[in-house]
Structures are given as C-alpha cells and as structure tokens.
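Nothing here was measured: the structure is a model prediction, and the numbers come from that model. Letters go in sequence order (proteins before strands), and every chain restarts at 1.
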Amino acid sequence: MSRAILRARGLVLAFGGVRAADGIDLDVLEGEVLAIIGPNGAGKTTFLNMVTGYLKPQAGSIQFADREITRLSPRRIVRLGIARSFQIPQLFREHSVLANIALALAAGGDFWSPHRPLLTTARETEAQALLQRFGLADLAQQRADALDEGARKLLDVAMAAALAPRLLLMDEPTSGVATAQKHAIMDRLIPALRQQGVTVVFVEHDMEVVARYADRVAVWSQGKILAEGPAGDVLADPTVRRDVIGLEGAAC
Amino acid sequence: MPTRLFALVGMALLLALAALQPWLRFVLTLALATGLAVLGIAVLLRAGQVSFGHALYVAIGAYTVAFARPLVGEALALLALAVLAASASGLVIGLFVSRYRDIFFGMLNLAFSMVLYSLLEKLYWLTRGTDGIRIARPDLFGFALSARDYEWGLFALAAVFALTSGALVARYLLTPAGQALSALKTGETRLEFLGISARRVLYQAYCVSAALAGLAGGLIALATLHVTPLLAYWTHSGELVFVAILGGTANMLGPFLGAIVFELVRVYAAAAFPDAWQMILGLVLLVIVLAAARGLVGVIEDAWMRARRSK
Amino acid sequence: MQLLLLAVLDGLAYAAQLFMVAVGLTLVFGVLKILNVAHGSLFAIGAYTASTLVGLIGTPDLSLIALALAALAVGAVAGPLIERGLLARIYDKEHVLQLLVTFALFMILEDVQKLLWGVKPLFEDAPVRLLGPIVVGDIYYTAYQLVLMPSVAAASLLILVWFLRRTLLGRTILAVTHDREAAQAIGIDARRVYLLAFTIGAGLAALGGALAAPTTSLVPGIGVQMIVLSFAVVATAGLGQIEGAAVTALLIGLGRSFAVYFAPELEVVVPYLLMVAVLLVRPEGLFGRSELRRI
C-alpha cells in the first residue's frame with residue numbers, strides 16, 4: 001500500500017453557525033485519484049480551500065509530504081507542490097490559451113526575470129506539449145475569453161498541471177458543461193494527469209463520472225466524512241446510496 | 001504595426017520641427033518628458049489601475065533637481081538624482097499602495113500627491129512656497145553651454161530617454177511579470193494560486209512608473225529652470241492620466257504621441273481658455289472613455305491596417 | 001488649557017463639515033459601488049450657490065433658509081443630471097473606466113465653478129453673524145459653528161440611519177446594496193434606487209458645502225481638498241460605513257485641529273497619517289469587513 005501524501009486531522013471550520021468542517025480526518029494516498037462527493041453545502045470546497053491555505057481551519061492540522069502546512073500562505077503551499085483548479089475557471093481572460101499556460105509554466109520558473117520574455121521558444125514548445133496532452137493544441141492562439149465552457153475547464157486544470165505539482169485538487173472539473181461532454185473532459189484530464197504521475201483529488205457531483213475515474217471515494221455530509229474507501233464499495237453502500245446519492249439525484 | 005520604424009520616423013520628424021521652429025524645441029522637450037511620465041501611467045493602466053497622483057513623483061524629481069542644483073553642476077548627475085529620489089519614494093509608498101486596487105489605489109495616490117503639494121506650498125523656508133525655486137542653468141555633458149545649445153542638448157537628451165525608455169518598457173511588458181499585469185486585472189486569484197504574488201507584480205510596475213515620472217520631473221525642471229508646487233497639484237496628475245488615454249496604451253508610441261499633441265494644443269488652447277482648460281480635457285476624456293476608443297495610437301493602427309489591406 | 005478647548009471646539013465644527021461630505025460619498029459608494037471623484041465638486045458648488053443666494057436675498061434673517069434652499073437645489077438638479085446622464089451608462093463597465101469617468105466629471109465641474117463664480121475669493125458670513133457668539137468657558141465661539149453645524153450633522157446621521165433602516169424605501173436601498181440581483185428578482189427597480197441614493201448623496205455634499213460657505217472664503221480648489229479629505233474619512237472608516245464615517249470624521253477633525261494648534265506644519269499631513277496608520281493595521285478600515293472572494 002502506498003503512503004499518504006496528504007494527512008488531514010481533526011479539521012474544524014465554522015462560518016457563523018454553520019460547521020463547514022466538523023472534524024475532518026482524511027488521508028490522500030500517493031498516486032491515487034480520490035473523489036469527494038456529497039450534497040451542496042457539505043463542505044467539500046471548504047476542504048480544498050483549507051488544504052490550499054485560502055481558509056485557515058480553527059482547529060486541526062494538515063500535513064503534506066510529512067510537512068506541516070496548516071498555517072502556510074497559499075503561495076507557500078503552491079510552491080511546496082499542491083496546485084488546484086476552480087469550479088469557475090480562473091483564467092487570464094485577455095491572454096491567449098498559450099500565454100495562459102506559459103504564465104503558469106513561468107510561475108514555477110524564471111517568472112521574475114527582468115529581461116527574458118514570457119514566450120521563449122523553449123517555453124512555447126513546453127506549453128504546446130502540455131496543450132497537446134490536454135487536447136487544447138488547436139486552440140493555442142485563441143483568447144481565453146473566447147473559449148467554450150468545456151475548453152475553459154480543461155485549460156483551468158492544465159494551468160494547475162503546468163506547475164508540475166505532486167498533488168492536484170480539482171473543484172468540480174465537469175460542472176457547467178453538458179452531460180455528454182463530462183466524460184470527454186475526464187477522458188482527457190485523468191490520463192493526462194496519471195501520465196504526469198500526480199496525485200489527484202476531485203470534487204464531483206456526477207456519480208457516473210466518479211465511478212468511472214476515481215480509485216477511492218470520500219463522502220462528505222454536513223462537514224463530516226460519512227464514508228471512505230474504494231470507489232466500488234462506497235458507491236454500493238446502501239446508506240451512501242440513500243443519504244447522499246439519492247439526494248444528489250434530487251438536487252440535479 | 002512596425003513600432004520601431006514609427007518611433008524613429010517620428011523622432012526624425014520632431015528633430016526637423018525643432019530645427020525649423022526654435023520655440024518648438026522647448027515645447028517638444030517638455031512633451032517628451034511628459035511622455036515619459038505617461039509611459040509609467042500606461043504601464044499601470046495595463047493592470048487596470050489608474051493613479052490620480054503621479055504628479056507626486058514628477059514633483060519629487062523636479063524638486064530634487066532644484067534642491068541639489070547648488071551642490072551639483074552637471075545636468076546628467078541632477079537627472080540621476082531625480083530618478084533616484086523618485087524611485088526611493090516609489091519603493092516606500094508603493095509598499096503601501098500596492099496592497100490596494102481600483103478606487104483605493106487611485107485615491108491613495110491622489111491623497112499622497114496632495115499632501116506633498118500642501119507641504120511644498122507651506123514649508124516656505126525650504127521651498128519658497130508658491131513662488132517656487134529658480135534653478136541656475138547647469139552644465140550639460142560637462143560643458144557650460146549657451147542657452148541655445150543647452151536647449152538643443154536637453155531636447156536630444158529627452159529624445160534619447162524617450163526612445164530607450166520606450167524600448168525598455170516594451171521589453172519589460174513582454175516578460176512574465178509584465179504579462180502578468182493584465183493578468184492582474186482578469187485573474188488575480190489564479191495568479192496567487194500559481195504561487196505568484198499579485199502585489200509584487202503591481203509593486204514592480206509601480207516602482208517603474210515612479211522612476212519614469214521622476215525622470216520626467218528632472219527633465220522638466222532642467223528645461224523650465226523653475227519649479228513650483230503646481231507640479232504636484234492634482235490637475236497635473238489628471239493631465240498625465242488624460243494624456244495616457246488620449247495617446248492610447250496599446251503601444252509604447254501612445255504616451256509620446258499623446259504628450260506631443262497635448263503640449264502643442266495646450267500652447268494655444270490653455271492661453272485662450274485659461275478657466276475652461278480642465279473642462280475641455282474632461283470632456284475629451286469622457287468621450288474617449290465612453291466610446292471605448294483606443295486613443296491616437298488606435299487611430300494610427302486602424303489607418304495602417306486599412307492601408308495594408310487596400311494594397 | 002484654553003488652547004486645548006479651542007482645539008476641541010474647532011475639531012468638532014470641522015468634523016461636522018467633514019462628515020456631511022463623507023457620508024454622502026460613502027452612501028453613494030455603498031449603493032452604486034462607484035466612488036464619485038466629483039463628490040467634492042458638489043460640495044464646492046453647494047457652497048458657491050449658497051453664498052450667492054444669501055447675497056441675493058440680502059435679508060440676514062432669511063440667510064439660513066437660503067443655505068438650505070441652495071443645498072436642495074444643487075442636490076435636486078445635479079444629482080439626477082449626473083446619475084441619469086453619466087453614471088447610468090457605466091454601471092457594468094470596468095472599475096478603471098468608472099473611475100476615469102467620475103474623474104473626468106471632476107475636471108469638468110472644477111472649471112464650471114470657475115466659469116460661474118470666477119477665481120476671486122467669495123465671502124458671505126451673514127448666517128454666522130445672525131446666530132451670534134456663544135461662550136464656552138472663557139472662549140467666545142460662533143454659535144453657527146459650535147451648535148448649528150454639529151446639530152445638522154448629527155440630525156443628518158440620525159435621519160439617514162432612520163430612513164435606511166426603518167422606512168420601506170430605505171430598506172429597499174439597503175436591499176439593493178446587499179444583493180442587487182436578489183433585490184431585482186423580487187421586483188425592486190435598481191435604477192430608481194441608484195437615482196435616489198445618488199441624489200441624496202449629492203444633496204448631502206451640497207448641504208455640507210452650503211453649511212461651510214459662511215465660515216470660510218470660497219476659492220477654487222476647495223472641492224479637491226474636500227474629496228481627498230472625505231475619502232480619507234471614508235477609507236479610514238471602511239467604504240460604505242455610515243456610522244463609522246461619523247466616528248472617523250470626529251477622529252480626523254480633532255486630529256487636524258490639534259495639529260493646527262500644536263504642530264501647525266503638520267496640519268495637512270495629520271488626516272492622512274491617521275488614514276495610513278489605520279489602513280496599515282486594518283486594510284478594510286476601522287469598521288469595514290474584509291470580504292473573501294468566493295472561489
């Protein structure tokens with residue numbers, strides 16, 4: 001069994017009276033693809049925000065690669081090797097797709113060089129290769145604000161992947177796109193990320209997507225983890241089916 | 001659009017104008033200096049930020065020249081001091097204002113500039129108040145020049161600074177940090193989650209703009225040989241913003257083109273309508289902004305594209 | 001001791017004037033999410049109009065009424081004109097464009113003043129003389145500055161807060177402030193709310209100007225000073241904070257008047273030192289709440 005790359009223990013965070021995290025314990029294993037499911041407001045995004053340092057837990061600790069990261073700033077955490085994508089893609093809208101990736105590549109390299117341009121031949125080649133893996137090569141010269149939602153989602157993850165992280169968190173990578181397109185997106189993302197050898201955690205509402213792409217599943221409910229385990233087992237669990245997936249069906 | 005070609009042809013044109021009309025030498029020197037300050041404003045506008053107080057740094061550069069003149073006899077050394085003083089101020093004030101965006105960024109800059117204005121006006125023992133300080137004509141390139149040669153020398157200096165600064169800023173804008181300026185406008189969250197400090201991106205640009213404004217102020221002081229608190233007044237800051245929008249920010253030529261047109265028109269118009277000058281500027285600014293026009297550079301770019309297509 | 005008292009009285013009077021302008025600025029920002037750089041010009045135009053009207057009427061007994069009328073007129077004319085004519089076109093534009101537009105308006109209005117009233121100082125203190133002096137301890141002070149101005153400021157604060165929290169129309173404004181889309185979804189006409197809020201804000205600025213007019217000679221540039229100072233007040237309090245603006249107006253008013261008596265060369269710097277000191281510790285202002293972007 002591979003070891004845990006991320007270890008969360010006893011995370012608590014309340015907004016007013018709402019406990020978005022109410023004692024979260026979770027291990028993410030190196031190399032796995034873990035799906036987080038659960039109804040809206042269960043605290044899934046809050047968990048991602050705590051891991052990436054955007055929100056600070058009121059109690060508990062987070063370790064990444066045996067290092068305490070609970071109190072670190074988002075920028076420090078990124079540099080340690082945790083990247084993320086967003087439910088609403090956060091793109092540089094006025095830049096081309098290529099420049100978006102190039103900026104992400106530069107962020108992990110010579111970003112502050114006072115003279116070397118963003119688009120060097122080397123960086124352009126690297127960016128093209130990455131776009132190829134994510135199926136965006138044809139769109140390289142398009143402006144980011146001209147893309148359709150599916151391509152925006154892919155670019156959003158590709159930018160995170162460009163940082164060559166050890167752990168990548170995706171917040172609903174298939175939300176906002178037509179059902180038919182969801183699998184197309186995941187078919188691009190998961191192999192590309194596996195090829196890169198990155199550990200993946202993703203929040204997802206579509207159970208078909210979860211069943212097909214996740215190794216393990218963690219079920220969130222009201223700030224707690226209801227169940228956790230191999231995807232097949234968890235999704236077959238009658239309690240989960242009734243309380244979470246049933247509710248999911250109703251919500252969709 | 002071949003920016004370099006346009007810049008060189010434009011500069012040759014200015015040179016010819018300055019040779020034909022002696023009084024234009026002075027006006028064009030001021031215009032090129034103003035263009036340098038506006039170049040800094042244009043850099044900040046890339047990040048979607050507008051400073052209503054950059055006359056602050058122009059004034060710091062200009063007063064540095066005035067204060068240092070009794071001790072320093074060489075114009076180039078005075079200019080270096082002006083840039084140094086403005087950059088140092090920018091480094092300190094920038095630490096504070098780079099935390100802010102939009103309204104706060106614009107207004108905090110305005111507040112700082114008005115504080116300096118008031119101080120320049122009030123600390124009479126140091127600044128001689130509204131009378132300002134007269135500056136004895138310094139040497140240039142080590143020579144004590146005649147008034148005419150000094151004017152020529154300063155004009156040449158301004159032209160060289162305009163060309164090199166334009167080229168250097170263009171280069172800076174192509175680096176990742178320069179490209180991240182417009183990323184600041186559209187995706188600050190992403191920038192942070194790429195591990196890049198958005199604040200540092202803006203801070204860097206702010207310091208560049210302060211240094212450019214300081215250089216402009218130094219040149220203005222050397223050309224006019226007289227500094228007054230009005231250099232720091234809000235109307236002057238407003239003019240810098242106005243020229244940036246008038247010239248257009250898409251291209252390094254914009255600030256200089258805008259500044260030249262602005263200074264030439266001002267020679268006539270400001271004298272004809274002394275109490276309506278700001279109003280005219282305001283109206284033109286409104287029209288350009290509301291029409292989402294890209295300024296004079298936009299006009300030229302469109303004409304250039306049409307000319308190429310019709311060929 | 002006497003100096004101390006004098007500084008406190010000055011500070012109080014000045015804070016009242018500052019608050020009148022700042023509260024309009026913060027109200028307009030809270031509702032429209034636009035910082036009106038030309039707000040100080042409305043103060044100036046209010047002041048000039050008031051002085052002119054007091055002079056025209058000529059009867060000192062009516063001079064206070066003249067002040068109120070001037071403020072009302074400026075607010076009722078300039079408010080809708082600016083909001084409908086200009087701001088309504090830019091609500092969905094980028095921040096930088098909104099700032100540029102109100103800055104352009106500011107440039108225009110500063111010259112409108114010069115064209116209408118010239119650049120010579122204008123001084124009309126009939127209202128101050130009408131109310132006469134008042135004795136505090138052994139200091140003679142004008143009742144106008146010590147009683148009337150703070151009373152009007154306090155009344156404005158109370159009425160505004162009552163209006164916003166207790167009346168249907170006021171609550172409508174607050175609803176739009178908190179969540180414009182939700183408010184529109186339940187049938188609130190946001191356009192009318194914007195118009196109303198901006199007109200109230202403009203009226204408050206003009207009233208501040210009208211009140212200040214008899215206490216000082218009017219010269220070009222008073223509008224600039226006022227926008228910068230009232231921005232300092234509003235920023236120190238936190239943008240959109242109405243009661244907070246009252247507290248910081250007092251803070252900055254007192255700080256400035258103490259500087260006038262005890263460190264005159266620092267007079268112009270003190271308000272900004274206070275602002276910078278507060279913002280360094282609390283970037284969102286004393287009473288503001290920092291909002292985390294949802295991601």
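Between B/Phe193 and A/Phe86, the distance separating the two ring centers is shorter than 6.0 angstrom.
Between chain A and the residues B/Leu174, B/Ile196, B/Val201, the largest count of heavy-atom pairs under 4.5 Å involves B/Ile196.
Contact check on A/Asp27 versus A/Arg9 returns a salt bridge, with a Lys/Arg side-chain nitrogen under 4.0 Å from an Asp/Glu carboxylate oxygen.
B/Phe242 CZ to B/Ile41 CD1: the interatomic distance, rounded to the nearest 0.5 Å, is 14.0 Å. One finds the CG atom of A/Leu155 at 7.5 Å from the CG atom of A/Leu131 (value rounded to the nearest 0.5 Å).
Side chain of A/Lys44 to main chain of A/Gly38: a donor-acceptor pair is present (N/O by atom type, distance under 3.5 Å, no hydrogens or angles). No donor-acceptor pair under 3.5 Å is formed between the side chain of A/Gln196 and the backbone N or O of A/Val198.
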Using a plain distance cut of 3.5 Å, could you tabulate donor-acceptor pairs between chain A and chain B?
| residue | atom | partner | partner atom | Å |
| --- | --- | --- | --- | --- |
| A/Arg75 | NH1 | B/Glu192 | OE1 | 2.9 |
| A/Arg79 | NH2 | B/Gly195 | O | 3.3 |
| A/Arg84 | O | B/Arg190 | NH1 | 3.4 |
| A/Gln90 | O | B/Arg190 | NE | 2.9 |
| A/Arg93 | N | B/Thr186 | OG1 | 3.3 |
| A/Arg93 | NH1 | B/Thr186 | O | 3.3 |
| A/Glu94 | OE2 | B/Lys185 | NZ | 3.3 |
| A/His95 | NE2 | B/Gln179 | O | 3.1 |
| A/His95 | NE2 | B/Gln179 | OE1 | 3.2 |
| A/His95 | NE2 | B/Ser182 | OG | 3.4 |
| A/Leu118 | N | B/Leu174 | O | 2.7 |
| A/Asp156 | O | B/Arg190 | NH2 | 2.8 |
| A/Asp156 | OD1 | B/Arg190 | NH2 | 2.2 |

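The neighbour count for A/Gln132 CD, taken as heavy atoms of other residues, nucleotides or ligands under 6.0 Å away, does not exceed 12.
For A/Ala106, the part lying under 4.5 angstrom from a heavy atom of chain B is the side chain only. B/Leu191 touches chain A through backbone and side chain together, each having a heavy atom under 4.5 Å away. Neither the backbone nor the side chain of A/Ala102 comes within less than 4.5 Å of any heavy atom of chain B.
Using modelled atom types, one finds no donor on one side chain facing an acceptor on the other under 3.5 Å when comparing A/Thr199 with A/Glu32.
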